[in-house]
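Computed from a predicted structure; not experimentally measured. Throughout, protein chains are lettered first and strands after them, A, B, ... in sequence-line order, and every chain is numbered starting at 1.
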Amino acid sequence: MKDQPLHLSDAELRDVQALVRFGQDYLKEARFHLVRIKDADAARAWLASAKVNTAYKGTKPDTVLQIAFTYPGLAALGLPGHILEQFSHEFRTGMYERHRARRLGDVGRNAPEAWAWGRGPDELPHVLVMMYARLGELEAFEAEVQASHWLQAFEALKASPLQTFDLGNHEPFGFVDGTSQPVIDWERAAAKPVGQALDYSNISALGEFLLGYRNEYNRYTPRPLLGARQYPEADLPLAEDEPGKLDLGRNGTYLVFRDLAQDVEGFETYTGKRRDLQGAMVGRIKKELPIEPDLPGILPNDDPSKVIPEGAPLVPLQNGPVAGVGPGMEDIWLNQFTYGNDLDGTACPHGAHVRRANPRTPDLPANTRGLANRFLRTLGFAAEDPHDDLVSSTRFHRILRRGREYVDGPRAQGLRFMCLNANILRQFEFVQASWLENPKFDGLDHGDPLLASRAPLWADGAKEGYGLPPTDTYPVPEDSGLSCRHAGLPQFVTLTGGGYFFLPGLRALRFIAGEGRR
Amino acid sequence: MIYAPVKEGHAEDVRALLDTLNLERAPGMADPDCERFPFRQFKTIHFARFVVIDDRTLIDFLALKSQRTNPIPSYDVALVFMGDCDGPSEETLKAIVGHSPAAETLREIFGHCKDFQSETDLLAWMRDHEHPPAASYVNWLGRTVGQVRQEASLTAALRGELEAFLAEDPQNVHQAEAAYRRLKGFFDRSPELQPAPPAPTPVGWLVANLLHFVSVPFVLLLPWLLAFPLYLDMPASLGWLMLAGLGAALVAFVYLWTQANFETAVFLISVAAAAAFPAMLSLMLCSVLPLGIALAVVAAFVSMLRCYEKNEPEIIPREPASRLDRHVAALAEREDYDVTNQFTVVGSVKPSLFRRWLAVALLWIIDYAARHFFTRGHLGRIQTIHFARWVFINDKKRLIFFSNYDGSLEAYMDDFINKVGWGLNLAFGCGFGYPRVNWLIAGGAKAEEKFKYTLRRHQLPSDVWYKAYPGLTAYDLARNTRVHDALRQPVLKSKEIRMLMRDLS
């Protein structure tokens, strides 16, 4: 991630867990422990002594420890009901919940019943302990972290610990990982009014990824607030929006964990190892390409390498800058673009994974210009294309990805997907349900080529007397208007476990560990 | 919409009874072939639902301290049966009554209502309990259930033919013209695929609709007509001013007509003309009186509105999590099976006469706009609503809103906030418990969490919900109509051929 100017005080940054600001990519080893609490006192004692790394930027630490909790975990640690009930509905009711699972596409092979962990409140870990270290140093670090209280306090889930494996910045299908991340507005510049942004921006309000700060709606996301008088001993920050209250959420956020098994062999077989087809499914270039002189679009001409790097978008780069992208040449190559000039999807299919996950749309329809045009567009008129305005306001649906790959042999590899967001429903769940899983995204008839469940449309079209298209197709539009249709897309990715976690700020962590609680 | 109070203590019974009309695997989703009420056989019904109306938020009135007498209003639990259908609702009701199992089921259901006796005439009773909507929106005016199904079949058949064409030669994917000729031939040769021409719209309806439309511009422009005698002896400078205004209006009119539609253009120009009239009258009479009066009227209304907007308390109580979780689970259980979802909310109008009349006026405007401006696939910027209705009940003290929308509820609410927050505030700003609205359109829904929370709390689970064309979104319907229209043309330009191919790909 880029270095960003920071206007949060050092004290605040020392209260934020490191994962919010750093991916710790240089720490090549990582293991995630899923544990249930055997002995709450011992667990609190361990938590109180845990040396959790923070977002404060000093010298790069050799090891990193991060801690997150599930809802049953917070309850097991004795957090009282009046605090627990203030956590978000999604966090409280869990990823495994039946109706949520249906909405997210966690059905069929993805269904919670088949998960290795997290199937229900009793199979959910209480605590997620993430440990990162330099190559070869993880075991020693684990031993150190688990030295006191650990065995007495916790009992590991069968699936624990979750191993990871460094694939050198690539994910198992062979694409560069983490090419596009939102840039957090640590400076907390004023938010744009809702519905008014004419241009896509890659900058997200701090409150989208940390509780206790203003979000993209310029509001504070609901989170647990405590009466200051009720907890006179608690060392917690005051809520910015309700100064009489202590903010247990501030500097914390929600962490979404999904274990995704990737069928690499199936992906290579189906695509016949064709890089162009794989690229069309993902929406990014799989291998670097030489620059052709007649390539449309803008090329950063002072780039000496003369190749389009792998991971570059399928659409031409945009002429002007995109807020929050650059100034580094690598970032410009990867992210200075929107799909505003590709309404027919001939450069990058509408259904491509990265286009669905981040459609890069502003608040108003693409290419809105001038007062009169803006007025008509606001009323829904003057559309340029039937696809116009089907997907808008991407900025309310961004997530910060922090996943790690794993390889347990050639047939068991995948991604331990993790993302951070302040509002699980509006951010992660929206992206997963409305954009990736929903076959009707952007006027299409199929789900995400990589992540969707392939569940057929609800109706039985034959019974209705009209045909309904299968959802396991992938059309790649050609200039003619016709598409190459790739039918019978198998499910390449299977969900094998997951849960919603709360990644608290450090003061909140100590409070959860019992400090300042009566 | 048929609305009738349920007998004391019968709410659970009627819910259980309604549940027997549903599919076993999906709560709240009507079994279209249910023997006791075969929805699919009623060919004019697009959407239908039964909902038990039981407002769990009335207790919020406790927070209203000024409410001295009888602080919590109480209403009977009621049953709603409503549908969105082609033609007059009377026809559909007759068809249902004429189907004896369905009529029997209805009698059994309505038997739980207070004033329904075993000897009651079902049709007359339903007519008596019909509540006309204060506002209603139809995604595509005039598109019938039959047309939707036929166009869907046509699209599916054309897609099959196109697939066969593409399978013949890998190079065919670049041959849009050849593909079009193939499809056109296929279409012309297959009369069974060609949707039947729609039944002609009744002349009476056309005339009534036209008069309804013309009434507003007529009233708005009337002052200009009545002032005609004044034009004869006004100074030439004013004449030029008027001419310039007329010219500007004409340019604006043509722009709006081409970019939006004729009705919208006429209306907007009429509004501008009406707004300009007091100033012009003042100039013609060399008196500030007309302008003064107009400004005074506007100022009086605005100050009154602002007074209400600022002083009304914003009452959004936090519910205990366990209660809210149960409520949300009951709603979620009935969502996200089909690509379309149902939405029913009930709420009270803010307790003042000003608010009640403002709500009536605003909904009238929304109805007018929906009926004349937004008749082709979008309500404002929202393209995912099939049908929406606002219906007053209980002497306009309460309002029910129904809609059928594509996608998940979260997407629907986000669309609302980001795309038509202003319109939402107009429509619901008079609602008790709605986030504070300023100047009729600002604020309100922009308080995202409060707005979503309020809507979710006021939402009711639909006990039975039927959709005549599962698997199809409003966008699909529009695309299928585009495809049908394109194939009916004798020739297409290459740009149109490309569009057709995109739609079929």
Among [options], single out the residue with the greatest number of heavy-atom pairs under 4.5 Å to chain B.
options                                : value
A:Ser434, A:Gly380, A:Ala383           : A:Gly380
A:Ala487, A:Ala372, A:Pro439, A:Pro477 : A:Ala372
A:Leu444, A:Leu457, A:Asp363, A:Leu390 : A:Leu390
A:Asp479, A:Asn438, A:Asn423           : A:Asp479
A:Asp445, A:Leu84, A:Thr221            : A:Asp445
A:Ala433, A:Gly345, A:Ser392, A:Pro475 : A:Ser392

Please look at [X] and chain B and tell me whether the side chain, the backbone, both or neither of the residue comes under 4.5 angstrom of a heavy atom of that chain.
X        : answer
A:Leu379 : both
A:Asp389 : both
A:Thr378 : both
A:Ala382 : both
A:Leu482 : both

Drop me the distance from [X]'s [atom1] to [Y]'s [atom2], to the nearest 0.5 angstrom.
X        : Y        : atom1 : atom2 : value
B:Asp414 : A:Ser393 : CG    : OG    : 8.0 Å
A:Arg219 : B:Lys446 : CZ    : NZ    : 10.5 Å
B:Asn172 : A:Cys484 : CG    : SG    : 11.0 Å
A:Arg98  : B:Glu333 : CZ    : CD    : 6.5 Å
B:Tyr475 : A:Phe441 : OH    : CZ    : 12.0 Å
B:Lys419 : A:Leu364 : NZ    : CG    : 10.5 Å

Is the shortest side-chain heavy-atom distance between [X] and [Y] below 4.5 Å?
X        : Y        : answer
B:Leu256 : A:Phe381 : no
B:Arg498 : A:Asp344 : yes
A:Glu429 : B:Glu410 : no
B:Arg479 : A:Pro386 : no

Taking all heavy atoms of [X] and all of [Y], pick out the closest pair and write down the distance.
X        : Y        : result
A:Arg103 : B:Ser408 : CD-CB, 4.3 Å
A:Ser483 : B:Ser505 : OG-CB, 3.2 Å
B:Leu23  : A:Trp458 : CD1-CZ2, 3.7 Å
B:Pro470 : A:Leu468 : O-CD1, 3.9 Å

Proximity breakdown for [X] and chain A, heavy-atom pairs closer than 4.5 Å:
X        : result
B:Ala179 : side chain
B:Tyr469 : both
B:Val328 : side chain
B:Arg482 : side chain
B:Ser494 : neither

field: Results of ring pair (Phe, Tyr, Trp, His ring centres under 6.0 Å) for B:His372 - residues two or more places apart only
entry: B:His212, B:Phe213, B:Tyr368
Can you tell me which of [options] forms the most heavy-atom pairs within a distance under 4.5 Å of chain A?
options                                : result
B:Leu268, B:Leu379, B:Thr155, B:Asp338 : B:Asp338
B:Ala478, B:Ala156, B:Gly380           : B:Gly380
B:Asp325, B:Val339, B:Leu472           : B:Asp325
B:Glu177, B:Lys452, B:His378, B:Arg318 : B:His378
B:Glu163, B:Arg502, B:Met501, B:Arg159 : B:Arg502
B:Arg25, B:Met413, B:Lys467            : B:Arg25

query: Which is it for A:Asn373 and B:Gln259 under the side-chain hydrogen bond (donor to acceptor under 3.5 Å, both in side chains) test, yes or no, and what are the steps along the way?
result: CA-CA 9 Å; A:Asn373 181 252; B:Gln259 295 287 312; 4.8 Å; no
message: Suppose we call two aromatic rings close when their centres sit under 6.0 Å apart. Are A:Tyr217 and B:Phe451 close by that rule?
response: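 No: the rings miss the under 6.0 Å criterion.
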task: Decide, yes or no, whether a salt bridge links A:Lys440 with B:Asp476 under the criterion of side-chain N to carboxylate O below 4.0 Å.
output: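 Result for this pair is yes, salt bridge flagged.
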message: What I want to find out is whether A:Arg426 reaches B:Glu448 closely enough, with some N-O distance under 4.0 Å, to be called a salt bridge.
response: yes
query: Heavy atoms under 4.5 Å from chain B: which residues of residues 85-97 of chain A carry them?
result: A:Glu85, A:His89, A:Arg92, A:Thr93
query: Does the pair B:Glu151 and A:Tyr466 meet the rule for a side chain to side chain contact (heavy atoms under 4.5 Å, CB included), with working shown?
result: CA-CA 9 Å; B:Glu151 287 179 344; A:Tyr466 50 81; over 6 Å; no
Indicate yes or no for a side-chain donor-acceptor contact from [X] to the backbone of [Y] under 3.5 Å, with no hydrogens or angles considered.
X        : Y        : answer
A:Ser480 : B:Gln175 : no
B:Ser153 : A:Gly465 : yes
B:Gln383 : A:Asp388 : yes

